[in-house]
S.K.: 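I have a structure I would like to understand better, so I am pasting it below and will then ask my questions one at a time.
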2 protein chains.
Amino acid sequence: MESELACPIAPVVDLVFSRWTTPILWTLNQHGRMRFVELERRIGTITPKVLTQRLRQLERDGLITRTYHPEVPPRVEYEISELGRSLAPIFHNLAEWSKRNLPEVEKARSRYDR
Amino acid sequence: MESELACPIAPVVDLVFSRWTTPILWTLNQHGRMRFVELERRIGTITPKVLTQRLRQLERDGLITRTYHPEVPPRVEYEISELGRSLAPIFHNLAEWSKRNLPEVEKARSRYDR
DNA sequence: GTTAGTAGGTACCTAGAGGAAAGTGACTAT
DNA sequence: ATAGTCACTTTCCTCTAGGTACCTACTAAC
């Protein structure tokens, strides 16, 4: 994609901020190691198919690790990797920005809509 | 969306990191005030229709400002707002993370694909 | 008179992401 | 025998973001 030409952070945005990846990473970073269903329940509206897709992608990118326990019923645990954990400061900054500036965005919107 | 339940940064992600908004904000932050066509050319592959849509959205959210000069041919200038400029540190962090960790991601991918 | 340039608007269309629902395999508990 | 658990997988379907292509008004310049 040529948008990378104009924007050096496009690749990392694709990695971290595409649909569903942010809540997954956030949840794993916040609450630690977790099983598939627990993740599913915490995120709430995600379907198992999409959750699997995103988890595979995040595992391939090295941002999370997957541990399979061959039991019955099977148990799989997901955990944020060291690489994934290195995103924590960025998440923190975003949360800070959000707290500080989202009200401004709301005000701008109602100003614009008038 | 209930993903906001699990993830407090989901709203700001929607705002700043949805498709095309990142390169637009980045470019305006990097190169200052700019006309429509210049933005179009710098980003490269965006179509005017979508560029207009994204610019309207960013203006509504208060992240950029639009100045219309009623001349012929018309001249419109876009500029990042103070609110938008407050995202600069986050962009910087992302660029840093990218420089430091994208190679790791690449390595993880080839490891996974084997 | 026709071409070029600007900042879009409009109508149409398509690809692909994502949702819904059901199935799978292996075992366990009742 | 039946139901339930887990971690998916598969099939089908929908929906919409985004792309293509064309149109607009206005004037200067060639």
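Computed from a predicted structure; not experimentally measured. Letters go in sequence order (proteins before strands), and every chain restarts at 1.
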S.K.: Would a single hydrophobic cluster contain both B:Val50 and B:Val37, if residues Ile, Leu, Val, Met, Phe, Trp and Tyr are joined by side-chain heavy-atom contacts under 4.5 Å?
M.R.: no
S.K.: B:Leu51 CG to C:dT6 C1': how many Å, rounded?
M.R.: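 So the two atoms are 13 Å apart, to the nearest Å.
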S.K.: Between the opening five pairs and the closing five pairs of the helix from C:dG1-D:dC30 to C:dT30-D:dA1, how far apart are the helix axes, to 10°?
M.R.: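 Rounded value for the end-axis angle: 20°.
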S.K.: When the nearest nucleotide of DNA chain C is assigned to B:Glu77 and to A:Pro74 on a heavy-atom basis, which residue is associated with the more 5' position?
M.R.: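 Closer to the 5' end of DNA chain C: B:Glu77.
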S.K.: Distance check needed: C:dA26 C1' versus A:Glu71 CD, whole Å only.
M.R.: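 Taking atom C1' of C:dA26 as the reference, CD of A:Glu71 is at 13 Å.
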S.K.: Between B:Thr67 and B:Val76 (side chain of the first, backbone of the second, donor and acceptor by atom type, cut-off under 3.5 Å), is there such a pair?
M.R.: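 Answer holds: no.
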S.K.: Side chains of B:Leu83 and A:Trp97: closer than 4.5 Å at any heavy-atom pair?
M.R.: yes
S.K.: Earliest and latest nucleotide of DNA chain D, 5' to 3', sitting under 4.0 Å from a non-hydrogen atom of chain A?
M.R.: D:dT5 to D:dT11
S.K.: Tell me, with the steps shown, if A:Arg35 and A:Arg75 meet side chain to side chain contact (heavy atoms under 4.5 Å, CB included).
M.R.: CA-CA 7 Å; A:Arg35 303 181 62 175; A:Arg75 188 162 57 92; 3.4 Å; yes
S.K.: Stepwise, does the side-chain hydrogen bond (donor to acceptor under 3.5 Å, both in side chains) test hold for B:Arg60 with B:Gln57?
M.R.: CA-CA 5 Å; B:Arg60 185 173 111 97; B:Gln57 175 198 326; over 6 Å; no
S.K.: For the pair A:Thr21 (side chain) and A:Val16 (backbone), establish whether a donor and an acceptor sit closer than 3.5 Å, ignoring hydrogens and angles.
M.R.: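 Judged by distance alone, yes, a pair lies under 3.5 Å.
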S.K.: May I have the distance from B:Tyr78 (atom OH) to C:dA7 (atom P), rounded to whole angstrom?
M.R.: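 Distance check: B:Tyr78 OH to C:dA7 P gives 8 Å.
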S.K.: Which nucleotides of nucleotides 17-23 of chain C have their base under 4.0 Å from a protein heavy atom (B), which only their sugar-phosphate (S), and which neither (-), written as one string 5' to 3'?
M.R.: -BBB---
S.K.: Let me spell it out: for each of B:Tyr68 and A:Pro73, pick the nucleotide of DNA chain C with the closest heavy atom. Which residue's pick is nearer the 5' end?
M.R.: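 In this pair, the answer is B:Tyr68.
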S.K.: Indicate, with a heavy-atom threshold strictly under 4.0 Å, whether B:Val76 touches base, sugar-phosphate, or nothing.
M.R.: sugar-phosphate
S.K.: With distance as the sole test, does B:Ser81 use its side chain to make a donor-acceptor pair with the main-chain N or O of B:Leu63 at under 3.5 Å?
M.R.: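 Yes, the answer is positive, given that a donor and an acceptor are paired below the 3.5 Å cut-off.
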S.K.: Would you tell me if any nitrogen or oxygen in the side chain of B:Arg66 comes within less than 4.0 Å of OP1 or OP2 on C:dG8?
M.R.: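 Result: yes.
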